[in-house]
Asker: 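This is the structure I have questions about; it appears just below.
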Amino acid sequence: MPELPEVETIKNDLQKKVAGLILQDVLITKKAKQIRKPSFRRFKEELISRKIKKAERLGKFIVLHLSSRKFLVIHLRMTGRLLVRKRNTKPDDYLKVAFVLTKNKELRFTDARGFGTIELLNKKELTKLQEKVGPDPLDKSFTAGDLEKRLQRRKRAIKLTLLDQSIVSGVGNIYANEALFAAKVNPRRKASSLSGKNVKLLHESLKKILKKAIKFRGTTAKDEYFVDTEGKKGRFKSYLKVYQRQGEKCPNCKGKIKRINLGGRGTFFCPSCQK
DNA sequence: GATACTTCCTGAGAGC
DNA sequence: TGCTCTCAGGAAGTAT
C-alpha cells in the first residue's frame with residue numbers, strides 16, 4: 001500500500017512523464033466511485049483541454065496542478081495505481097479512469113479494492129486539505145521538537161499515533177513499524193510516555209528510513225499491490241527489518257519478531273529490543 | 001478535543 | 001473443484 005516513499009516515487013515519475021501535457025479526454029469506466037466530486041459530467045468537462053502543470057505530493061495525496069487553477073487530488077489508499085501508458089495499449093486490470101493525454105499517452109488510475117479517491121479541488125478546498133494534513137516528516141522544518149510536541153498528551157499507542165495523518169503525514173503501516181523498530185520503541189507504548197531521547201531517535205529513524213525507501217523506489221510488500229507508473233515493483237522490501245517478518249529472527253538480537261493487532265492493523269516488532 | 005469503533009471494498013487464501 | 005468464511009487495511013464518519 002502506498003505510503004510516503006511510494007507516493008513520492010509516483011509523483012516524481014508523473015512530474016517527468018506527464019507535466020506539460022494536455023488532457024484530451026477522460027474515460028470513466030463502470031461506476032467509478034473513486035471520483036468524489038464533482039459529478040462525472042462536470043469532472044470530464046472541467047478537465048478536457050487543461051494542461052497538467054506540475055505534480056506534487058501532500059502526505060499520501062498526489063496533487064496535479066492544472067492550468068485552470070484547479071487541482072486533481074488523488075489518493076491511492078491501498079490498491080490504487082497510477083500507470084502511464086501509450087494510448088490504445090493492452091488494458092490494465094481494474095481500470096477505473098483513464099486520462100487521455102497529448103504525446104500519445106494515457107494516465108490510468110486502476111484500483112482493485114476501490115478505496116482510492118479522485119477529487120477536483122479549487123484553491124480554497126486545497127488549502128483546507130493542506131491545513132488538515134500534518135507536517136511532512138521529510139520537511140526540513142520538521143524537527144524532533146515538533147514531533148515531541150505533537151506526541152505530548154496523546155494517550156494512544158505510539159504506533160497508532162504515527163498513523164494519524166493529522167499528526168505526521170505520509171507514514172503508514174510499513175514505515176511506522178520499521179521506524180519504531182529502529183528507534184527501539186515498543187509500538188504499544190503510549191505516545192506521551194516516550195522520553196526526549198526516544199522521540200529524537202524516532203524522528204531520526206523515520207527520516208532515514210523514508211529517504212532510503214525513496215531511493216529504492218518504495219516497498220512492494222507480499223500483496224504486490226504497489227508498482228510505479230511503469231508497473232515496476234519497489235525494491236525496499238529486502239531492507240525491511242520487521243514488517244511481515246513475524247516468526248523470523250530479530251536482526252539485532254536473538255529474539256523472534258512478533259505480530260500483534262493494534263487498532264485493527266498488523267503490527268510487527270521485537271519484544272526483546274523494543275521497550 | 002481525543003479516542004474508539006464502524007464502514008467502505010474485493011482479492012487471496014484457508015478450510016471444508 | 002467449488003463454495004463459504006476470514007483477513008487485509010487508510011481514512012471518513014459516527015459514537016462515546
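Convention: sequence-line order gives letters A, B, ...; per-chain numbering from 1. Just so it is clear, the model here is predicted, and its values are computed rather than measured.
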Asker: Between A/K200 and A/E204, does at least one N-O distance fall below 4.0 Å, as a salt bridge requires?
Answerer: yes
Asker: Salt bridge check, A/K123 against A/E125: does any charged N sit closer than 4.0 Å to a carboxylate O?
Answerer: no
Asker: Applying side-chain hydrogen bond (donor to acceptor under 3.5 Å, both in side chains), can you list everything that pairs with A/K232, at least two apart in sequence or on another chain?
Answerer: A/E230
Asker: Roughly, in whole Å, what's the span from CG in A/D111 to C1' in C/dG9?
Answerer: 12 Å
Asker: So which residues get pulled into A/V227's cluster when ILVMFWY side chains under 4.5 Å apart are joined, directly or through others?
Answerer: A/L83
Asker: Sequence neighbours left out, what passes ring-ring contact (aromatic ring centres under 6.0 Å, His included) with A/F61? Give chain and number order.
Answerer: A/H75
Asker: Could you give the angle between the helix axes at the two ends of the helix from B/dA2-C/dT16 to B/dC16-C/dG2, with five pairs per end, rounded to 10 degrees?
Answerer: 40°
Asker: Strictly below 4.0 Å, heavy-atom distances to any atom of DNA chain C: list the hits from residues 143-153 of chain A, or just say none.
Answerer: none
Asker: Can A/E8 and A/K11 be counted as an ion pair, charged N to O under 4.0 angstrom?
Answerer: yes
Asker: Can you name the atoms? Protein N/O to nucleotides 11-15 of chain B N/O, anything below 3.5 Å, with the distance.
Answerer:
none

Asker: Less than 4.0 angstrom between a side-chain N/O of A/H75 and OP1 or OP2 of C/dA11, yes or no?
Answerer: yes
Asker: Where the side chain of A/R265 is concerned, which of B/dA2, C/dA8, C/dG10 is the nearest nucleotide?
Answerer: C/dG10
Asker: Please report the distance, rounded to the nearest Å, between NZ in A/K60 and P in C/dG9.
Answerer: 12 Å
Asker: How would you list, by chain and number, every residue that makes a side-chain contact (heavy atoms from CB on, under 4.5 Å) with A/S141, sequence neighbours excluded?
Answerer: A/D139
Asker: In whole Å, what is the span from the CD atom of A/E6 to the C1' atom of C/dG9?
Answerer: 14 Å
Asker: Please give, in whole Å, the distance from B/dT10 C1' to A/K96 NZ?
Answerer: 9 Å
Asker: In residues 155-166 of chain A, which residues come under 4.0 Å of DNA chain B by heavy atom?
Answerer: A/K155, A/R156
Asker: Applying the 5.5 Å / 30° rule, does A/F115 stack onto the base of C/dG10?
Answerer: yes
Asker: According to ring-ring contact (aromatic ring centres under 6.0 Å, His included), who are the partners of A/Y239, at least two apart in sequence or on a separate chain?
Answerer: A/F216, A/F236
Asker: Separation of A/D93 atom CG from B/dT10 atom C1', in whole Å?
Answerer: 14 Å
Asker: Can you name the residues that form a side-chain contact (heavy atoms from CB on, under 4.5 Å) with A/K241, not counting sequence neighbours?
Answerer: A/E178, A/F181, A/P251
Asker: Between A/R259 and A/K132, name the one whose nearest nucleotide on DNA chain C is closer to the 5' end.
Answerer: A/R259
Asker: Starting from A/V100 and following side-chain heavy-atom contacts under 4.5 Å between hydrophobic residues (I, L, V, M, F, W, Y), which residues can be reached?
Answerer: A/L27
Asker: Say you draw a straight line from CG of A/L64 to NZ of A/K70; how long is it, rounded to the nearest 0.5 Å?
Answerer: 15.0 Å
Asker: Show me the donor-acceptor pairs, under 3.5 Å and distance only, between side chains in residues 263-272 of chain A and residues at least two apart or in other chains.
Answerer:
from, atom 1, to, atom 2, distance (Å)
A/T267, OG1, A/K159, NZ, 2.8
A/T267, OG1, A/R265, O, 3.1

Asker: I'd like to know if A/R81 pairs up with A/D228 as an ion pair, taking the criterion as any Lys NZ or Arg NE/NH1/NH2 lying under 4.0 Å from an Asp or Glu carboxylate oxygen.
Answerer: no
